[in-house]
Structures are given as structure tokens and as C-alpha cells.
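Reviewing the structure listed below.
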Amino acid sequence: MGRSKVNKYEISKSGDQLKRIQSMLATLEMYSMDNSLEKIEEVARKNKDTYFDFLESILEKEFANREQARIARWMRNAKFPSEKSIDSYDFSQQPGLDERNVRELASCRFVSRGQNIVFFGPPGVGKTHLSIAIGKEAILQGIEVKFITLELLVEHISRLDGPGLNRLLRSLSNPPLLIIDDIDYDEPDKIVSSFLFKLIFRRDEKNVSTIYSSNKPFKEWGPLFSGDKHKATAAIDRIHNNGSHIINISGDSYRFKSARRDSKTKTAS
Ligand code: ADP
Ligand code: MG
């Protein structure tokens, strides 16, 4: 239920004190305390808290709730296709991947340096998983994130006219961390190529970080830019600017491995 805007901060004199306090808290949108006020007061009395202790515990609770709501909101706005975390990634399945390096990236220091990450590797090795996991860590740290696949980008672009394209370009140029997943289009049309080129340039100019993932090495990115080698080279140069982190994941697909592991356990038992 949406709450209407407050017109007047009216102080009521009727009803019992708790109700009056709760009504004021609701007007001030301090919802978390609406329900737990009696409990907080009881605990404070038992602990013989000072007035300041009491006030602080109330404010801390409100802060914690608002932070939780912020994270949930930013996670929704990021449009991740699923929820993944660093801890749910099984590094033992990718012995060629440097776990310490990935965990360092998850600290998101690369974002404050305006650096990029590029994940390369065949399907199923966890490129998307790790991109989302790093994105989630960024959100926890207060960094806004947007996730998009190249396929979805192509779909958006096909539905937009000139001004719409400019708006999309602006909205994708702004977030401090953008994830462009699955860059494996064979030969997108010229509008898409030119959009992608501009987006890479804009983000580099603004010094904001992007995570790219692709199952094709850079040298096969030519067709993405309509076969224009100069454009491809220029775009890749921009991605490399500021020292980007190139992560090659070359092991087997996780699904393939876990299927094989399952069948092994079955034959063993
Ligand atoms: P890619 O983007 O490289 O094609 P995904 O990230 O989509 O691969 O991974 C496919 C599925 O396998 C996802 O559900 C992902 O969570 C899971 N997965 C891949 N690698 C691992 C791993 N090493 N540990 C745990 N889950 C993994
Ligand atoms: Mg993927």
C-alpha cells in the first residue's frame, strides 16, 4: 500500500502515549520502530541504559533496516538474472583460476580505480556467476550496478529510435559499475556496433568500471564492430585503459563436470 504524502505534521494529544509515538514514527517513515518499540524500551530498562544509549539503539535499528532495504532495492534495479555469490563459487573446479585474484576483485578496489574486468572462457565455466557475485559485493559497498547481456542490449536497441537510443546510452554510461555479459554476437547490425563502440568510449571517458564477459578472445571481436579492424582495436584499447583485469577461465564447464561427478558417485555406490 502506498503512503500518501504528509500534508501536516500534526501532533495528536489523544489516545495512549505508545500509539501517539507510533503514529509519529510512521509519519516520519521510521517504520522499523513501529513494531519493535515496546521491546526496545523493555530491553533498555532492563539494561539500565542511559537516554543516549536508548536513542542510539533506536537509531541503529532504523539504520540497519534502511540499509537492508537499500540493498534489496539496488539488487532489484541491477537486474541480475540470478543471485550468485563468491562463496558459492567452487574454485576447486577451476584450478587454473587464481582464487586470490578473484577475491581481490570482489573487494571492488578496481571500481575506485576505474578499471575494467574481462572474463574469457567457454560456456559454463562461471563467467556470469562471478560477474554477478562481484556486482553483489559492489552493491553491498554502496556502488550502483547494472547488468545487461549483449543479447538484451540488441533487443532494446532494435525497439528504440534516435532519442531513445541516446537515453539508453546515457543510462548505461552512468552507473559506476556496468556488467555487459555474453559478448558473443556474431555480426550485430551497424546500429548495435556503433552503440557498443560509443558505450565503451563513454565509460572509459567517465572513468567508470565495466565487467565484460565473452567466450571469444579479443582477436575475434572484429565482427562485433562490423569488421572494422580500427574500431575494434580502438574499443579494445579503451577497455584496457587504466590497467584492466583479464581473467581467462579455461577449464571444463561446471555442469559437465558436476554431471560427470554425479555419474561417478552413482557407479561407485
Ligand atoms: P558462463 O557464464 O561462463 O557460461 P555460468 O556462470 O552461467 O557460466 O555458469 C553456469 C552454471 O554453473 C551457473 O548456474 C553457475 O552458478 C554454475 N557454475 C559454474 N561454475 C561454477 C563453479 N566453479 N562453482 C559453482 N557453480 C558454478
Ligand atoms: Mg554467461
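Not measured: the values here are computed from a predicted model. Counting convention: from 1, in listed order, for ligands and their atoms alike.
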Nearest neighbour in protein (non-hydrogen) for [atom]:
atom: atom 4 (O) of ligand 1; answer: G124 N, 2.7 Å
atom: atom 24 (N) of ligand 1; answer: D90 N, 2.8 Å
atom: atom 7 (O) of ligand 1; answer: T128 CB, 3.8 Å
atom: atom 13 (C) of ligand 1; answer: K84 NZ, 3.9 Å
atom: atom 15 (C) of ligand 1; answer: H129 ND1, 3.5 Å
atom: atom 10 (C) of ligand 1; answer: R255 NH2, 4.0 Å
atom: atom 20 (N) of ligand 1; answer: Y254 CB, 3.1 Å

Near the Mg ion (ligand 2), is there an N/O/S atom from T128 that is less than 2.8 Å away?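 Given the 2.8 Å cut-off, T128 counts as a ligand of the Mg ion (ligand 2).
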Within a reach of under 6.0 Å around CZ of R100, are more than 12 heavy atoms found that belong to other residues, nucleotides or ligands?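 No, not enclosed.
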Is the number of heavy atoms from other residues, nucleotides or ligands under 6.0 Å of R167 CZ greater than 12?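 No, because the 6.0 Å sphere around CZ of R167 holds 12 heavy atoms or fewer from other groups.
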Using a strict 4.0 Å threshold on nitrogen-to-oxygen distance, state whether K190 and D228 make a salt bridge.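 Looking at D228 together with K190, the answer is no, because their closest N to O distance does not fall below 4.0 Å.
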Charged N to carboxylate O under 4.0 angstrom, E67 versus R70?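 Yes, this pair counts.
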Quick one: look at S213 and ligand 1, take heavy-atom pairs under 4.0 Å, and tell me if it's side chain, backbone, both or neither.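 It is neither part, as no heavy atom is under 4.0 Å.
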Among I239, I211, I247, whose side chain to side chain contact (heavy atoms under 4.5 Å, CB included) with V118 holds?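 Of all the options given, the one that passes is I239.
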One pair to check against salt bridge (Lys or Arg N to Asp or Glu O under 4.0 Å): E205 and R202. What are the steps and the verdict? CA-CA 5 Å; E205 271 160 17; R202 285 264 181 101; 5.2 Å; no
For P123, is the nearest heavy atom under 4.0 Å from an atom of ligand 1?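 P123 counts as a contact of ligand 1 under the 4.0 Å cut-off.
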Do any heavy atoms of S88 fall under 4.0 Å from ligand 1?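 The answer is yes: ligand 1 sits under 4.0 Å from a heavy atom of S88.
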Assess, by modelled atom type and distance only, whether the side chains of S85 and S88 contain a donor and an acceptor separated by less than 3.5 Å.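 The answer is yes; a qualifying pair exists.
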Does K231 make a cation-pi contact with F197 (under 6.0 Å, within 45 degrees of the axis)?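 Checked: cation-pi criterion met.
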G126, S253, P122, P81: member with heavy atom nearest to atom 9 (O) of ligand 1: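 The option holding the nearest heavy atom is G126.
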CG/L224 to CD1/I236 distance, rounded to the nearest 0.5 angstrom?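 One gets 8.5 Å once the value is rounded to the nearest 0.5 Å.
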Report yes if K127 has an N/O atom closer than 3.5 Å to an N/O atom of ligand 1; otherwise report no.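 Yes - when backbone and side-chain N and O of K127 are compared with those of ligand 1, one distance drops under 3.5 Å.
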